Chemist: 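Once you've had a glance at the structure underneath, I'll fire off some questions.
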Amino acid sequence: MRHRLGRLFAGLFLAVFVTGSSAADLADIRARGELRHLGVRYANFVTGAGDGFDVELVQGFARHIGVRYRLVYSDFYSVIRDLLGQDVVREGNSVRLAGQHPVRGDMIATGLTVLPWREQVLLFSAPTFPSQVMLIARADSRIRPIRGSEDLRRDIDETRALAVGHSLLVMERTCLDPSNYDLKGRNIELRAWTQSTNINEMVPALLNRDADLSLLDVPDLLLDMKKWPGQFKVLGPISDVQDLAAAFPKDAPELRKAFDDYLRMVRADGRYDRLVIKYYPGVQRHFPDFFAQPH
């Protein structure tokens with residue numbers, strides 16, 4: 001009898017541990033009085049010092065819906081699991097959810113790229129920021145940047161061809177995953193960066209000669225060009241212009257809608273533009289179409 005009771009209480013504890021902090025929609029979050037923001041230390045979206053573009057954006061959103069704000073740090077390999085309570089397993093172009101884990105947050109806002117496989121399991125907000133993945137090399141590399149043209153697709157093909165016969169640093173399950181950009185099976189030596197889950201370390205690894213080339217997205221690129229001036233060069237684009245957005249569980253449509261409403265408001269009243277200038281000065285020149293969009 002004692003053993004049966006022990007198993008019963010253990011089962012109850014496990015159920016509470018797994019489901020007691022589950023993701024919630026807008027009404028549940030207001031009742032709880034707190035919004036849990038999942039963030040990854042990355043490219044001034046979440047700096048690790050308690051601020052960042054997405055940190056300030058979500059802090060304002062929490063105030064807007066009348067709840068406390070809490071930042072929950074994660075990493076790019078765990079952040080979707082921390083939101084959904086399950087691992088995302090990619091199988092070609094499809095994904096499935098597996099396992100059972102505690103839910104640690106209510107939304108992701110961390111410069112997360114909208115990718116088709118992620119859209120299968122997440123609700124994305126309206127775009128919060130633009131991006132693009134580029135191919136980079138050390139400044140002393142003999143590989144020369146493409147000339148560039150008005151045809152982005154041709155530029156991507158030319159840039160991809162530059163990587164053939166060379167080693168390339170990539171980071172799987174992130175925006176730098178080679179499977180997103182048709183880089184597999186092209187006589188490119190793909191070297192997955194596994195020493196950390198931090199995209200910010202791609203340039204230091206390149207400068208350390210861990211590979212001939214690396215992938216890097218534009219928000220990180222703008223910061224790294226100031227951090228390591230003249231030490232690496234951009235060869236050309238590997239992707240189309242991409243959208244970054246906040247992400248929510250599929251069963252939180254009202255929370256996503258409230259965030260979209262808030263985003264439209266701060267884009268219209270100038271608060272959004274002030275955050276862009278604060279954390280990414282000059283980025284408007286790289287993506288004039290995005291920042292010229294009507295609010």
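Quantities reported herein were computed from a predicted structural model and do not represent experimental measurements.
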Chemist: Between Arg160 and Asp157, is the closest basic N to carboxylate O distance under 4.0 Å?
Modeler: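 Between Arg160 and Asp157 there is a salt bridge, with a charged N closer than 4.0 Å to a carboxylate O.
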Chemist: Quick one: pull up OG in Ser214 and CZ in Arg138 and give me the separation to the nearest 0.5 Å.
Modeler: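 It comes to 10.5 Å.
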Chemist: Which value, rounded to the nearest 0.5 Å, describes the distance between Tyr262 atom OH and Phe61 atom CZ?
Modeler: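 Taking OH in Tyr262 and CZ in Phe61, the distance rounds to 9.0 Å.
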Chemist: Taking side-chain contact (heavy atoms from CB on, under 4.5 Å) as the criterion, tell me which of Ile65, Leu35, Val67 meets it with Leu26.
Modeler: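 Exactly one candidate clears the test, Ile65.
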Chemist: Report yes if the side chains of Arg63 and Tyr69 come closer than 4.5 Å at any heavy-atom pair, otherwise no.
Modeler: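 They are not in side-chain contact.
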Chemist: Which pair of heavy atoms, one from Thr128 and one from Phe290, lies closest together, and at what distance?
Modeler: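 Minimum heavy-atom separation between Thr128 and Phe290: C-CZ, 4.0 Å.
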Chemist: Whether the Asp54 and Thr110 side chains hold a donor-acceptor pair (N or O, under 3.5 Å, no angle test) is what I'd like checked.
Modeler: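 No, no side-chain donor-acceptor contact under 3.5 Å.
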Chemist: Any side-chain heavy atom of Met107 within less than 4.5 Å of one from Phe259?
Modeler: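 Yes, at least one pair of side-chain atoms sits under 4.5 Å.
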Chemist: Using a distance-only test with no angle check, is there a side-chain donor-acceptor pair under 3.5 angstrom linking Asp106 and His37?
Modeler: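 Not at all, the side chains of Asp106 and His37 share no donor-acceptor pair under 3.5 Å.
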Chemist: Between Arg30 and Asp25, does any NZ, NE, NH1 or NH2 come within less than 4.0 Å of an OD or OE carboxylate oxygen?
Modeler: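 Result for this pair is no, no salt bridge flagged.
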Chemist: What I want to check is whether the side chains of Tyr279 and Glu56 have a donor and an acceptor closer together than 3.5 Å.
Modeler: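 Tyr279 vs Glu56: donor-acceptor pair found between side chains.
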Chemist: Is any side-chain heavy atom of Ile156 closer than 4.5 Å to one of Ile238?
Modeler: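 They are not in contact (no side-chain heavy atoms under 4.5 Å apart), so the answer is no.
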Chemist: For Ser125 versus Asp260, what's the shortest heavy-atom pair and its separation?
Modeler: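 Heavy atoms only, the tightest pair is CB-OD1, 3.3 Å.
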Chemist: Sub-3.5 Å donor-acceptor pair from the side chain of Asp243 to the main-chain atoms of Pro127, do we have one?
Modeler: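 Not at all, since once roles are kept as given, no pair shorter than 3.5 Å links the two residues.
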Chemist: Side chains of Met265 and His64: does their closest heavy-atom pair fall under 4.5 Å?
Modeler: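 They are in contact (side-chain heavy atoms under 4.5 Å apart), so the answer is yes.
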Chemist: Please name the pair of heavy atoms, one in Tyr77 and one in Arg173, separated by the smallest distance, quoted to 0.1 Å.
Modeler: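 Looking at all heavy atoms of both residues, the closest pair is O-NH2, 3.0 Å.
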Chemist: Are Ser179 and Asp177 linked by a side-chain donor-acceptor pair shorter than 3.5 Å?
Modeler: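 Yes, a side-chain donor-acceptor pair sits under 3.5 Å.
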Chemist: Ignoring hydrogens and angles, state whether a donor on the side chain of Asp51 or Thr47 is under 3.5 Å from an acceptor on the partner side chain.
Modeler: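 There is such a pair (donor and acceptor under 3.5 Å, judged by atom type) between the side chains of Asp51 and Thr47.
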Chemist: Membership question, hydrophobic clusters at under 4.5 Å side-chain separation (ILVMFWY): are Leu38 and Phe124 in the same one?
Modeler: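 Yes: a chain of side-chain contacts under 4.5 Å links Phe124 to Leu38.
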Chemist: So, applying side-chain contact (heavy atoms from CB on, under 4.5 Å) with Ile108, which one of Leu84, Val72, Leu83 is it?
Modeler: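 The option that passes is Leu83.
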Chemist: Looking only at atom types and distance, does a side-chain atom of Arg118 sit under 3.5 Å from a main-chain N or O of Thr113, one as donor and one as acceptor?
Modeler: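 Yes; judged by distance alone, with no hydrogens or angles, the pair exists.
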Chemist: Within a strict 4.5 Å, meaning less than it, do heavy atoms of the Phe232 and Ser141 side chains meet?
Modeler: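 When only atoms from C-beta onward are counted, Ser141 and Phe232 do not touch, as no gap falls below 4.5 Å.
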Chemist: Salt bridge check: are Lys257 and Asp261 linked by an N-O gap of less than 4.0 Å?
Modeler: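 Salt bridge between Lys257 and Asp261, a charged N being under 4.0 Å from a carboxylate O: yes.
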Chemist: Salt bridge between Arg191 and Glu189, side-chain N to carboxylate O under 4.0 Å?
Modeler: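 Judged by the 4.0 Å cut-off on N to carboxylate O distance, Arg191 and Glu189 do form a salt bridge.
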Chemist: Check Asp269 with Arg271, please: is the shortest side-chain N to carboxylate O separation under 4.0 Å?
Modeler: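 Salt bridge: yes.
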Chemist: For Arg41, is there an ion pair with Asp75 - N to carboxylate O distance below 4.0 angstrom?
Modeler: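 Result for this pair is no, no salt bridge flagged.
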Chemist: Mind checking whether Pro249 and Val103 have side chains closer than 4.5 Å, heavy atoms only?
Modeler: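 Of all side-chain heavy-atom pairs linking Val103 with Pro249, none is under 4.5 Å.
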Chemist: For the residue pair Tyr272 and Phe291, what are the closest heavy atoms and their distance?
Modeler: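 Heavy-atom minimum between the residues: OH-CE2, 3.8 Å.
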Chemist: Exactly one of Leu162, Ile188, Ile143, Val170 should register a side-chain contact (heavy atoms from CB on, under 4.5 Å) with Leu213. Which one does?
Modeler: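 One option only clears the test, and that one is Ile143.
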Chemist: For Pro178 and Glu172, which heavy atoms make the closest approach, and how far apart are they?
Modeler: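 Looks like CD-CG, 4.4 Å.
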Chemist: State, to 0.1 Å, how close Gly39 and Val46 come at their nearest heavy-atom pair, and which atoms those are.
Modeler: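 For Gly39 versus Val46, the nearest heavy atoms are CA-CG2, 4.0 Å.
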